[in-house]
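Data first, discussion second: the structure below is written as structure tokens.
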Amino acid sequence: MGIFTYDAVTIIQDLITNKWKDIRPPRISAIWDKRSVGFMDDRRDELVIYPKNEVINYFGIGGQAFWHDQLLELEIRTYRDIKRHNEVVKKVVDIIKENITGTGYADLRVVSSFSKNYLYRNMYSYILTLSIRKADP
């Protein structure tokens, strides 16, 4: 039995990178790639992936098969205006909804979302909670 956490982050990064069209793509990174504090590039939108918990359920005869349900938080950060922020959020949600099933995972769903705009002065922030599931990674 393995874990699916790091593979799930890579799947989300690749999915958004490969399916992004029309508007300028954001920078996509996992939280562990963000090493510096206090530095940001406000000329480019950013998606930050935070892996949360992985629930592993056993199934099959004798518990030989495992179903992994990984929760991820995807923070969408933009710096221009609310119109641009809304475009980026909608684009990310559309990509996820169009790829509910795909290669490398059983299903991908948006399970909740909320805005953190009230916390920041010069940045717009929106959080999507994603569930990505796979059997026997």
Side-chain angles (χ1 to χ4, degrees):
M1 177 182 75
I3 61 168
F4 185 49
T5 302
Y6 303 113
D7 294 337
V9 171
T10 302
I11 287 169
I12 298 299
Q13 285 176 313
D14 293 344
L15 178 70
I16 295 172
T17 300
N18 294 333
K19 301 290 182 176
W20 195 275
K21 293 178 178 53
D22 302 331
I23 59 177
R24 184 177 179 201
R27 180 185 8 233
I28 305 167
S29 59
I31 189 61
W32 53 80
D33 292 333
K34 313 237 8 110
R35 300 279 184 215
S36 60
V37 175
F39 298 102
M40 66 180 192
D41 181 1
D42 64 355
R43 295 166 293 175
R44 188 131 183 232
D45 304 323
E46 187 171 23
L47 304 180
V48 182
I49 304 169
Y50 301 83
K52 293 302 181 181
N53 68 328
E54 180 174 358
V55 177
I56 302 170
N57 293 311
Y58 303 94
F59 66 93
I61 297 174
Q64 296 299 316
F66 307 96
W67 185 255
H68 294 249
D69 187 355
Q70 175 68 50
L71 285 179
L72 303 164
E73 281 189 357
L74 179 61
E75 183 177 8
I76 302 165
R77 299 175 181 173
T78 64
Y79 304 94
R80 218 165 67 193
D81 56 24
I82 194 69
K83 181 180 177 191
R84 170 65 180 174
H85 184 67
N86 192 30
E87 286 177 347
V88 173
V89 170
K90 285 182 178 182
K91 183 71 175 171
V92 171
V93 171
D94 287 346
I95 289 171
I96 292 167
K97 286 182 177 180
E98 290 170 1
N99 293 280
I100 290 174
T101 59
T103 306
Y105 59 93
D107 66 357
L108 171 63
R109 302 170 294 143
V110 176
V111 292
S112 70
S113 66
F114 63 95
S115 173
K116 288 181 20 177
N117 291 344
Y118 62 92
L119 295 175
Y120 304 106
R121 183 173 164 183
N122 296 319
M123 179 177 82
Y124 297 94
S125 177
Y126 199 84
I127 304 287
L128 297 174
T129 303
L130 309 176
S131 169
I132 183 168
R133 298 187 300 175
K134 182 174 182 171
D136 294 325

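One-based numbering along the sequence shown. For clarity, every value in this text was computed on a predicted model and none was experimentally measured.
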Handout entry: ring-ring contact (aromatic ring centres under 6.0 Å, His included) involving Tyr6 - partner list, sequence neighbours excluded
Key = Trp32
Handout entry: Euclidean distance, Leu71 CG relative to Thr5 OG1, rounded to 0.5 Å
Key = 10.0 Å
Handout entry: Any side-chain heavy-atom pair of Ile28 and Ile12 under 4.5 Å
Key = no
Exercise for the section: May I ask you to test the Leu108-Leu15 pair for a side-chain heavy-atom distance under 4.5 Å? Expected result: yes
Practice task
Measure the shortest side-chain to side-chain distance between Thr17 and Pro25 over non-hydrogen atoms and say whether it is less than 4.5 angstrom.
Solution key: no
Exercise for the section: Any salt bridge (Lys or Arg N to Asp or Glu O under 4.0 Å) involving residues 4-13? Give me the pairs, sequence neighbours left out, ordered by first then second residue. Expected result: none
Please list every donor-acceptor pair under 3.5 Å in which a side-chain atom of residues 85-93 meets a protein atom from a residue at least two apart or in another chain.
unit_1, atom_1, unit_2, atom_2, d
His85, ND1, Thr78, OG1, 2.7
Lys91, NZ, Lys21, O, 3.4

Exercise for the section: Compare all side-chain heavy atoms of Arg80 with those of Tyr124 and state whether any distance is below 4.5 angstrom. Expected result: no
Handout entry: Side-chain heavy-atom pair Arg133, Arg109 within 4.5 angstrom cut-off
Key = yes
Practice task
Check whether any side-chain heavy atom of Val110 sits under 4.5 Å from a side-chain heavy atom of Leu130, and report yes or no.
Solution key: yes
Problem - Contact check, side chains of Leu74 and Leu47, non-hydrogen atoms, under 4.5 Å - result: yes
Handout entry: Heavy-atom neighbours of Lys116 NZ exceed 12 at 6.0 Å
Key = yes
